[in-house]
There are 4 protein chains.
Amino acid sequence: MEKKRVPSLVKDEALVHKRRAQMVKGAVALFKEKGFHRTTTREIAKASGFSIGTLYEYIGSKEDVLYLVCDAVYGEVMERLEQLLTEENAGVERVRHLVRSLFKVIDEMQDEVLVMYQEAKSLPKEALPYVLQREKEMTERIQDVLAKSRAEGVIQLPDEQLPLAAENLMVKGHMWAFRRWSLASSYSLETYTKAQIEQILSGLKADVENKRGR
Amino acid sequence: MEKKRVPSLVKDEALVHKRRAQMVKGAVALFKEKGFHRTTTREIAKASGFSIGTLYEYIGSKEDVLYLVCDAVYGEVMERLEQLLTEENAGVERVRHLVRSLFKVIDEMQDEVLVMYQEAKSLPKEALPYVLQREKEMTERIQDVLAKSRAEGVIQLPDEQLPLAAENLMVKGHMWAFRRWSLASSYSLETYTKAQIEQILSGLKADVENKRGR
Amino acid sequence: MEKKRVPSLVKDEALVHKRRAQMVKGAVALFKEKGFHRTTTREIAKASGFSIGTLYEYIGSKEDVLYLVCDAVYGEVMERLEQLLTEENAGVERVRHLVRSLFKVIDEMQDEVLVMYQEAKSLPKEALPYVLQREKEMTERIQDVLAKSRAEGVIQLPDEQLPLAAENLMVKGHMWAFRRWSLASSYSLETYTKAQIEQILSGLKADVENKRGR
Amino acid sequence: MEKKRVPSLVKDEALVHKRRAQMVKGAVALFKEKGFHRTTTREIAKASGFSIGTLYEYIGSKEDVLYLVCDAVYGEVMERLEQLLTEENAGVERVRHLVRSLFKVIDEMQDEVLVMYQEAKSLPKEALPYVLQREKEMTERIQDVLAKSRAEGVIQLPDEQLPLAAENLMVKGHMWAFRRWSLASSYSLETYTKAQIEQILSGLKADVENKRGR
DNA sequence: AATGAATGAGAGTTCATTCAT
DNA sequence: CATGAATGAACTCTCATTCAT
């Protein structure tokens, strides 16, 4: 899957990078506050620290800004996650660490994640598959960790349920961002993480039945 | 929490109901396809089977359409869910039935649920709290069922985790709608439901450790 | 100059009269408050005590309402003025009584006169000449009274200035309505009338010069 | 009384001035022909020589155009009047010159004055007081001249009638614009001015009575 | 490379008028 | 005669995009 080429009239690549970073930063704040459609290109330019004319030196259309945001967010989320996942753990603790890491990263980048979640559908047609691809890659990264633990025998799961388990983890992470309105009154990141780990690992079924049932 | 009053110039209440039902139906299809912002009021009118002038006889602003959609969707989702939940079950089977019912309803109303999920943030300021309230009510309904099963001793869960368990169920339901792009290739509603029930009830931890760990 | 025919679908002439009277009354209040253009036909219908459908049984277009208002206002102003002018006076007192009467009528019908003044330009093209004609008629009526006093030798005025004197009187009357924002703080109808009579009759030139100058 | 700030997206103040002057010129012609409400913003833009988008770079709303017109008209009327009033005169001639100057300016700016007169009521709520204030200022300027002549003893007038005399002059000036339909057939600016000066100075009362009455 | 004035298609909304009941 | 739901032309205003400087 190819990264979408965002056209720029400016040749100096370093400058392009710098300006786009400014754009992404300004745009995220605006998109979070008012959403993609209610944000004007003028506002983006202003928040980025340059003029509307300059904005269009670095992008081809407003939608490109959204794409750049999404791309940047995935990049940073993955990077931070990888950073945390360098810490090696074994057995069930590996899973616990995975969940903790994922949730931590999402918590740190709440605004960005939320924006992506809510505005991804406005992405230019050609860009959506690429962004979904990055989501899939991330899910696969999660899945790999789970697979390792499964290989150690510390988690039980039929083959075909492994992807779903990974996807569940992703969603529980995102949930911390997009259901914040509901969760924030009862949970801190720590209590939320702890409770979710519990439910992920042990499920709801009471032990008594677990044991009897076998 | 008060239902928002949507102004109408037409006095005949039955007619208002009928026309708004047409509107909601037409609008959901459009919103799903192109999102709220890219859908024009003229398109909504046309899809509803009347003129732009008539549309505005039944609403005060475009945002009202979105509110009517959200309100109607919650109404129908809840109604259908209640319908399914009349079937009485006991023990773990009650939980299984709850999950099956929830997922079934969401599957039947995929488009509507997806639209609500993605566009709720565009709701008029006064309407958002009401819609969130309905989401909470629904979550509580789920929670009640879980509480019953817990009272029977078939599920284990500290008090403070019950709300989270309910919220998790809700999200896993919605997930079937909003991650369809990812799930549809590997799962049917049935396999998805079965797999999720499994993970919800038993968790990921291998029995061997479960037993040893105590 | 023909009175403009305002079309009505209703045959019963007495009813037409009654309904149009209701219309004029309701419309004047609205026009005064918000002007002709900012007043909607629905509002006129409501203020008149019937439905929008009924309104259009008695007029052909919104502009007809304005015409009916103007026509009615002139009718009533003239009628009231005639009423007051039946009181016979002689010499300068006739002029004084004329001014007093004119100002009194305009004071009583401030709202109506103001509306006519401000909205006449919105009259349907065919109706404007008729309304201007009525204004001319009224001015001539004033002029006739002045002519009488002039014949008595109590006022000095070259022939060709008589129409202007009449027109001046009319404008000073209207002025009481349309410059109310400025006059109301310093004058009551009585003091305004008295002061104007003074200036109309004696002018500004100091007597000393008057006398010397000849 | 503060001048209302009309918002502009354009920063170059000189350009703003220039464009607004174009706007005022174009708008006056249109307002005169069809009135404020029947003139569309697109027509204003076209008459001003730019696009609808550009129009809105220089104003916030259609009403702002009307305000700019009124403001510009007062500015120019006052300026021209001051210009004429630099010519010094004494005694009754001062009054004559005042009237002649006032009428001349209004004659030169007939269209503008008429538009202001007829459309002022459509001014944005906050702007009306400011415009009325300018009218008052102008009236006071007239009053000052009268006061001077009065101090010289060439005009007779109780203190409290001075403001009214000034207001009368203003209205007689405007009258040349707004009753043109009636006056134009009998008067030129010169004959109108001459006749009005006569009546203003000497009043209607015949000398014989003036003299006898004392 | 940066600016910001100019553009105009297109959006939401209003409202005079019609006509079936 | 009275009603009021339906209509759609027309309005004001916005904003992504361009391009001369």
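Naming: A, B, ... by sequence-line order, numbering from 1 per chain.
The CG-P distance, from B/Leu9 to F/dT3, rounds to 17 Å in whole Å. Nucleotide E/dC15 holds its P atom 14 Å from the NZ atom of C/Lys46, rounded to whole Å. Put simply, CD1 on B/Ile52 is 8 Å from P on E/dG12, counting in whole angstrom units. Rounded to an integer number of Å, the gap from CD1 of C/Ile44 to P of E/dC15 is 12 Å. The CG-P distance, from D/Asp12 to E/dA6, rounds to 9 Å in whole Å. Distance CD (D/Glu63) to C1' (F/dC11): 14 Å, rounded to an integer number of Å. Rounded to an integer number of Å, the gap from D/Asp64 CG to F/dT12 C1' is 13 Å. Regarding D/His17, its NE2 atom lies at a distance of 18 Å from the C1' atom of E/dA5, rounded to whole Å.
The residue C/Ser8 sits apart from the nucleic acid: no heavy atom pair falls under 4.0 Å.
Taking the ring axis of A/Phe36 as reference, the NZ or CZ atom of A/Lys62 stays within 45° of it and closer than 6.0 Å to the ring centre.
Contact between the side-chain N/O atoms of D/Arg19 and the OP1/OP2 oxygens of E/dA6 is found at a separation under 4.0 Å. Close to F/dT3, at under 4.0 Å from its OP1 or OP2, lies a side-chain N or O of C/Thr54. Of the side-chain N and O atoms in A/Tyr58, none sit less than 4.0 angstrom from OP1 or OP2 of E/dA1. Proximity of D/Tyr56 to the phosphate of F/dT14: no side-chain N or O atom is located under 4.0 Å from OP1 or OP2. The phosphate of F/dA16 has OP1 or OP2 within less than 4.0 Å of a side-chain N or O from A/Thr41.
Side-chain N/O atoms of C/Arg38 and base N/O atoms of E/dT14 include no donor-acceptor pair closer than 3.5 Å.
Crowding of C/Lys25 atom NZ: a count of heavy atoms from other residues, nucleotides or ligands under 6.0 Å not exceeding 12.
For C/Phe50 and D/Thr39, each mapped to the nucleotide of DNA chain F holding its nearest heavy atom, the one lying further toward the 5' end belongs to C/Phe50. Ranked by how close their nearest DNA chain F nucleotide is to the 5' end, B/Leu15 and C/Lys11 are led by C/Lys11. Both B/Ser61 and C/Ile59 lie close to DNA chain E; mapped to their nearest nucleotides by heavy-atom distance, the more 5′-ward contact belongs to B/Ser61. For the pair B/His37 and A/Glu57, both in contact range of DNA chain E, the more 5′-proximal nearest nucleotide belongs to A/Glu57.
Base pairing of F/dA20: its partner is E/dT3, meeting the Watson-Crick or G-U wobble criterion (both donor-acceptor distances under 3.5 Å). A 3.5 Å limit on both hydrogen-bonding distances identifies F/dT12 as the Watson-Crick or G-U partner of E/dA11.
Side-chain proximity of C/Lys62 to the nucleotides F/dA6, E/dA16, F/dT12 is greatest for E/dA16. Of the candidate nucleotides F/dC15, E/dA2, F/dT12, F/dT12 has the atom lying nearest to any side-chain atom of D/Thr40. With E/dG8, F/dA5, E/dA5 as the candidates, the nucleotide lying closest to the side chain of D/Ser51 is E/dG8. Which of F/dG4, F/dT12, E/dA5 sits closest to the side chain of D/Arg42 comes down to F/dT12.
Using a 4.0 Å cut-off between charged side-chain N and carboxylate O, B/Lys121 and A/Glu119 make a salt bridge. Here B/Glu43 pairs with B/Lys34 in a salt bridge; the nearest charged N to carboxylate O distance falls below 4.0 Å.
Side chain of C/Glu63 to main chain of C/Leu123: no donor-acceptor pair is present (N/O by atom type, distance under 3.5 Å, no hydrogens or angles).
For the side chain to side chain contact (heavy atoms under 4.5 Å, CB included) criterion with D/Lys4, the lone passing option out of D/Asp64, D/Asp71, D/Leu68 is D/Asp64.
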